[in-house]
Amino acid sequence: MDQNHASSPLAGAVHDLATEVVLALRSGDHLATVCGAAGIDEDNRTGIAAVRVIGADLLLPSILHGRHPHPGDVAVLDRAVREFPPKPDAPAATAWSHWHMISTLQRMAAPGTTGPHSDLGPTGSPSGLGATGPQSEVRAGRPHQEPDAAWLEDAPWQALTHQLSILAPLAVPAVPSAVQRAAAGRTVDLSRGFVRAVRRRDWLQAAGAGRWLTAIGSEPATLGLARGLDFVELMGGHDPRVALHVRAARLMAEAARR
């Protein structure tokens, strides 16, 4: 672990976990456990908190590569949802992140789950889920109700970009949500936010905004998003969270071209 990025045990765990997600995104290896490679299991509370920070992006390599997630990673994500529910006065972005974690777990366990180039079995259930994975109420019963997203529709473009960058894990293909619809309706504002973040050298916000623009697929042609993301990675790629969003954007762009 690079101590320059570990100002606290939690920050170090987030850094290590995001690094392993990036490695899995680059390799497409669906057999390895991301959490295990980062030294995180269900009994590691700091690690569980790091998973809560990373959110559903823990399973992003499986989602974008259409592979089975490792049962250990699913179990840890499930544990993070149960251990760290949002408080009643939590920010809206926290509620949405929690919703996305639950919906991702439900989607992975649901019959008929498929994705681009998916090798999920005939039921669509990832290997190990249901049979050996945790029998949590998180992945049972009716779909989890979406929080409100009206606040995004009226937010100033600067605040919109900031909030969407926090919610970048929701920027994945074929996962409709009110957040996705709000982002799709404000691509010009989000593009302005991307440029502003680059100029302010806020690489994490720029990477998150660029990931959203790629997922939506309707950014202005004059933006030069692909080259902009290359620059963001060059300047901020030492932060694995930046590299994670940039790599996710590239994989989505490649899939859209196929």
Side-chain angles (χ1 to χ4, degrees), residues 14 18 21 52-57 60 63-64 86-104 144-233 235-237 239-253 256:
V14 170
V21 173
R52 181 62 188 86
V53 173
I54 294 296
D57 271 349
L60 187 63
I63 293 169
L64 293 185
K87 298 178 180 179
D89 59 347
T94 300
W96 268 105
S97 175
H98 187 74
W99 172 87
H100 185 50
M101 292 166 69
I102 292 176
S103 64
T104 299
H144 193 58
Q145 183 177 1
E146 288 190 359
D148 176 64
W151 52 281
L152 282 174
E153 298 173 1
D154 301 324
W157 62 270
Q158 300 93 331
L160 173 79
T161 305
H162 172 70
Q163 292 297 325
L164 286 178
S165 68
I166 295 173
L167 293 173
L170 277 77
V172 290
V175 183
S177 69
V179 170
Q180 188 275 338
R181 291 188 291 273
R186 301 189 62 181
T187 53
V188 173
D189 285 342
L190 188 54
S191 298
R192 292 174 68 190
F194 174 78
V195 173
R196 177 177 181 267
V198 171
R199 288 176 174 171
R200 291 166 60 92
R201 305 176 69 86
D202 188 339
W203 309 122
L204 184 58
Q205 185 175 121
R211 176 174 168 178
W212 269 111
L213 289 166
T214 304
I216 295 166
S218 59
E219 77 279 1
T222 56
L223 181 62
L225 180 59
R227 286 190 298 176
L229 284 171
D230 288 343
F231 182 72
V232 169
E233 184 180 40
M235 300 300 294
D239 183 342
R241 297 172 301 167
V242 172
L244 191 163
H245 293 323
V246 172
R247 182 60 183 167
R250 287 194 180 127
L251 287 171
M252 288 188 285

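We count residues from 1, following the sequence as given.
Applying the salt bridge (charged side-chain N to carboxylate O under 4.0 Å, His left out) test to residues at least two apart or on different chains, the pairs with a partner in residues 210-227 are Asp57-Arg211. Residue pairs meeting the salt bridge (charged side-chain N to carboxylate O under 4.0 Å, His left out) criterion with at least one partner in residues 241-253, sequence neighbours excluded, are Asp230-Arg250, Glu233-Arg250, Asp239-Arg241. A salt bridge (charged side-chain N to carboxylate O under 4.0 Å, His left out) check over residues 147-158, counting only residues at least two apart or in different chains, returns nothing. Within the structure, the ring-ring contact (aromatic ring centres under 6.0 Å, His included) test picks out the following pairs touching residues 158-210 (sequence neighbours left out): Trp203-Phe231.
Under the side-chain contact (heavy atoms from CB on, under 4.5 Å) criterion, Gln158 pairs with Pro156, Arg196, not counting sequence neighbours. Checked against side-chain contact (heavy atoms from CB on, under 4.5 Å), Ala178 has the following partners two or more places apart in sequence or in another chain: Trp96, Glu146, Ala149, Arg181. Listed by chain and residue number, nothing satisfies the side-chain hydrogen bond (donor to acceptor under 3.5 Å, both in side chains) test with Thr161 (two or more places apart in sequence, or in another chain). Scored by the side-chain contact (heavy atoms from CB on, under 4.5 Å) test, Pro86 finds Ala90, Thr94, His98 as partners (sequence neighbours excluded). Listed by chain and residue number, nothing satisfies the side-chain hydrogen bond (donor to acceptor under 3.5 Å, both in side chains) test with Arg192 (two or more places apart in sequence, or in another chain). Contacts of Ser218 classified as side-chain contact (heavy atoms from CB on, under 4.5 Å), with partners at least two apart in sequence or in another chain: Thr187, Ile216.
Here Ile63 contributes atom CD1 and Thr104 contributes atom OG1; the two are 5.0 Å apart, rounded to the nearest 0.5 Å. Here the CD atom belonging to Gln180 is positioned 9.5 Å from the CG atom belonging to Leu170, to the nearest 0.5 angstrom. Between atom OG1 of residue Thr214 and atom CG of residue Leu225 there is a gap of 4.5 Å, rounded to the nearest 0.5 Å.
Shortest non-hydrogen contact noted between Ala206 and Val232 is CB-CG2, 3.8 Å. Smallest separation of non-hydrogen atoms from Ala183 and Trp212: CB-CE3, 3.9 Å. Of all non-hydrogen atoms in Gln205 and Gly193, the two that sit nearest each other are OE1-O, 4.4 Å. When all heavy atoms are compared, the tightest approach of Asp189 to Leu160 is CB-CD2, 3.9 Å. Between Ile166 and Ala93 the shortest heavy-atom distance is CG2-CB, 4.0 Å. The minimum heavy-atom distance between Leu190 and Ala209, with the atom names listed, is CD1-CB, 4.0 Å.
In this structure a side-chain-to-backbone donor-acceptor pair under 3.5 Å is present from His100 to Pro169.
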Audit row: Leu251, Leu60, side-chain contact (heavy atoms from CB on, under 4.5 Å) steps and yes/no: CA-CA 11 Å; Leu251 287 171; Leu60 187 63; over 6 Å; no
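In this structure, the side chains of Pro147 and Val179 stay at 4.5 Å or more apart for every pair of heavy atoms.
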